[in-house]
Novice: 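Would you mind keeping the following structure in view while I ask a few things?
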Amino acid sequence: TMRFVPRACLVDLEPGIMDVIKASPMGPLFKPDNMCFGASGAGNNWAKGHYTEGAELIDEAVDIIRRETEGCDCPQGFQLTQSIGGGTGSGMG
């Protein structure tokens, strides 16, 4: 049998969404090592997400992306999905 594992890096400032993803029917598809999340979130505060909480996660997220890219024979691109309109992740990028 073939097993497909998405080369995804899931990043959030709070662990709640990662727990929902892990518990979902699609959860076993994602590598737990590729889930990068903070402890408390930014509480709808863009500056906190950008300068404090998010800044602490950037290096870990880049390392995950680098590891997944190095595991590819012929990487062809990246697809990013980000919340920029508000919420705890809006200051991350």
Side-chain angles (χ1 to χ4, degrees):
T1 66
M2 295 177 59
R3 180 185 158 121
F4 297 99
V5 178
R7 292 189 183 275
C9 174
L10 306 175
V11 181
D12 199 350
L13 296 178
E14 59 186 350
I17 291 298
M18 298 300 172
D19 294 337
V20 170
I21 291 170
K22 288 177 190 177
S24 74
M26 300 294 279
L29 287 176
F30 297 98
K31 293 182 190 176
D33 293 345
N34 289 3
M35 294 184 180
C36 173
F37 52 88
S40 63
N44 286 341
N45 184 337
W46 185 90
K48 186 176 179 189
H50 186 73
Y51 293 110
T52 58
E53 303 291 330
E56 295 172 2
L57 293 178
I58 291 293
D59 290 336
E60 183 180 353
V62 169
D63 287 342
I64 292 169
I65 294 167
R66 181 180 296 115
R67 184 178 66 231
E68 286 298 320
T69 304
E70 289 173 352
C72 295
D73 291 335
C74 184
Q76 303 220 354
F78 296 94
Q79 181 175 353
L80 303 174
T81 305
Q82 178 185 10
S83 168
I84 59 172
T88 58
S90 63
M92 179 78 181

Novice: Ignoring hydrogens, what is the shortest heavy-atom contact between Pro75 and Thr69? Give both atom names and the distance.
Specialist: CG-CG2, 4.1 Å
Novice: For Pro28, which residues count as a side chain to side chain contact (heavy atoms under 4.5 Å, CB included) partner, sequence neighbours excluded?
Specialist: none
Novice: So which heavy atom on Ala61 is nearest to which on Cys9, and how close?
Specialist: O-SG, 4.0 Å
Novice: Could you tabulate the donor-acceptor pairs under 3.5 Å formed by side-chain atoms of residues 16-24, not counting sequence neighbours?
Specialist:
from: Ser24; atom 1: OG; to: Ile21; atom 2: O; distance (Å): 2.8
from: Ser24; atom 1: OG; to: Met26; atom 2: N; distance (Å): 3.4
from: Ser24; atom 1: OG; to: Gly27; atom 2: N; distance (Å): 3.2

Novice: For a quick test of reading the model, state the closest non-hydrogen atom pair linking Pro15 to Ala39 and the distance between them.
Specialist: CD-O, 3.7 Å
Novice: Mind jotting down which residue pairs meet the salt bridge (charged side-chain N to carboxylate O under 4.0 Å, His left out) criterion with at least one end in residues 65-75? Sequence neighbours excluded, please.
Specialist: Arg7-Glu68, Lys31-Glu68, Asp63-Arg66
Novice: Are the side chain of Asn34 and the backbone N or O of Ala8 linked by a donor-acceptor pair below 3.5 Å?
Specialist: yes
Novice: When hydrophobic residues are tied together by side-chain contacts of less than 4.5 Å, even through go-betweens, does Phe37 share a cluster with Leu10?
Specialist: yes
Novice: Taking all heavy atoms of Leu57 and all of Gly38, pick out the closest pair and write down the distance.
Specialist: CD1-N, 3.6 Å
Novice: Clusters formed by hydrophobic residues whose side-chain heavy atoms approach within less than 4.5 Å: which one holds Phe78, and what are its other members?
Specialist: Ile65
